[in-house]
Amino acid sequence: MWLSFITAWRVRRRLRKLNPGGVRVFDDTERLVLLVQGKDMPSVEPVLRELTSGGMKVTLVVETRHKDDLPVAIPGCYPILQLHTSWLWNRPTRQFLDSFDNNDGDVLLDVSITRSLPLLYLALHSRAAFKIGVAKDEENPFHLQILIPAHRPDSETDAGPNPLGKIKPDAGELLKNALFYWKKIGVKENNL
């Protein structure tokens, strides 16, 4: 973590040089790369099972410190990669990047909610033609950004507080919403 400022500088530099990509339609996608944080896996797994049951091939990358947060197997989801980072640079290791490059996909979908420099580095490193992700405080390499509404305690609605007690949606809900809007991109508007 000592030299993580160098990784942050490299990320900002690559973000400035980022080329706009084209839109990749859901039906034309062969492989999806999904970036998830380990604490969000329980909410993502049901949506991921629905996605793979539809025939989509998924490479799952999980940022976690504990191997217990990784699912053993999800049908249609291969490989499941645990993100290995260099403690000195705070970015993915070369061995992990080699493994990631062998399993990179057409579309990258990042549903990490909190800021993570290694996941941002990985999103920039990916060769995916279309990238979808949660907009965080910094610039994002995503073509389709998922915005999380900011919660303000003084702006409660007339209906009262949120009945579920949630302030922000979890990663599973974000994945559902991202897939819903991504599927709508390729649909023709005139169904007459």
Side-chain angles (χ1 to χ4, degrees), residues 1-21 24 31-45 47-48 57-74 77-148 150 167-175 178:
M1 297 283 261
W2 288 1
L3 301 175
S4 64
F5 69 92
I6 294 174
T7 302
W9 173 77
R10 288 184 70 189
V11 164
R12 284 192 304 272
R13 187 173 173 204
R14 288 181 78 181
L15 280 169
R16 279 188 234 125
K17 295 179 180 180
L18 192 64
N19 294 330
R24 184 75 178 220
R31 179 167 288 278
L32 172 73
V33 176
L34 184 64
L35 305 179
V36 182
Q37 292 174 325
K39 62 182 165 98
D40 297 325
M41 276 308 297
S43 67
V44 170
E45 277 189 62
V47 182
L48 192 56
K57 295 177 186 173
V58 177
T59 298
L60 180 63
V61 178
V62 182
E63 179 187 37
T64 182
R65 293 178 190 235
H66 307 288
K67 209 147 177 108
D68 297 338
D69 292 339
L70 285 174
V72 177
I74 298 174
C77 186
Y78 181 80
I80 299 174
L81 303 172
Q82 181 180 7
L83 180 61
H84 296 284
T85 58
S86 166
W87 66 273
L88 183 63
W89 298 98
N90 196 21
R91 67 177 177 214
T93 61
R94 280 193 188 164
Q95 294 83 10
F96 178 82
L97 289 175
D98 290 341
S99 174
F100 178 79
D101 288 342
N102 292 335
N103 298 296
D104 204 357
D106 305 324
V107 175
L108 180 124
L109 182 59
D110 180 7
V111 291
S112 61
I113 296 173
T114 57
R115 185 182 186 279
S116 169
L117 189 58
L119 286 178
L120 181 61
Y121 187 92
L122 198 57
L124 282 167
H125 178 79
S126 174
R127 296 180 308 247
F130 189 56
K131 298 176 184 181
I132 305 169
V134 177
K136 298 181 186 73
D137 293 336
E138 73 274 347
E139 294 180 46
N140 291 301
F142 308 118
H143 302 109
L144 178 63
Q145 293 186 8
I146 307 166
L147 300 176
I148 299 176
I167 295 173
K168 292 183 178 181
D170 61 4
E173 292 174 20
L174 291 175
L175 180 58

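Residues passing the salt bridge (charged side-chain N to carboxylate O under 4.0 Å, His left out) test with R91, sequence neighbours excluded: none. With sequence neighbours left out, D106 forms a salt bridge (charged side-chain N to carboxylate O under 4.0 Å, His left out) with R24. Take T114 and apply the side chain to side chain donor-acceptor pair (under 3.5 Å) test, not counting sequence neighbours, and it matches Q37. For R94, the side chain to side chain contact (heavy atoms under 4.5 Å, CB included) test picks out no residue, with sequence neighbours left out. Residues meeting the side chain to side chain donor-acceptor pair (under 3.5 Å) test with T85, sequence neighbours left out: none. The side chain to side chain donor-acceptor pair (under 3.5 Å) search around R31 returns T59, not counting sequence neighbours. Qualifying side chain to side chain donor-acceptor pair (under 3.5 Å) partners for N103, counting only residues two or more places apart in sequence or in other chains: none. With sequence neighbours excluded, the residues forming a side chain to side chain contact (heavy atoms under 4.5 Å, CB included) with V58 are L32, L34, L48, L51, T52, M56, C77, listed by chain and number. For A178, the side chain to side chain contact (heavy atoms under 4.5 Å, CB included) test picks out L109, I132, I146, with sequence neighbours left out.
Contact check for D110 versus K131: no side-chain heavy atoms found under the 4.5 Å cut-off. Counting only heavy atoms from C-beta outward, the side chains of P141 and L124 approach each other to under 4.5 Å. Put simply, the side chain of D40 does not reach to within 4.5 Å of the side chain of V111, judged on heavy atoms.
Residues V47 and S43 share a closest heavy-atom pair of CG2-O, 4.2 Å.
Between the OG1 atom of T7 and the OH atom of Y121 there is a distance of 7.0 Å, given to the nearest 0.5 Å.
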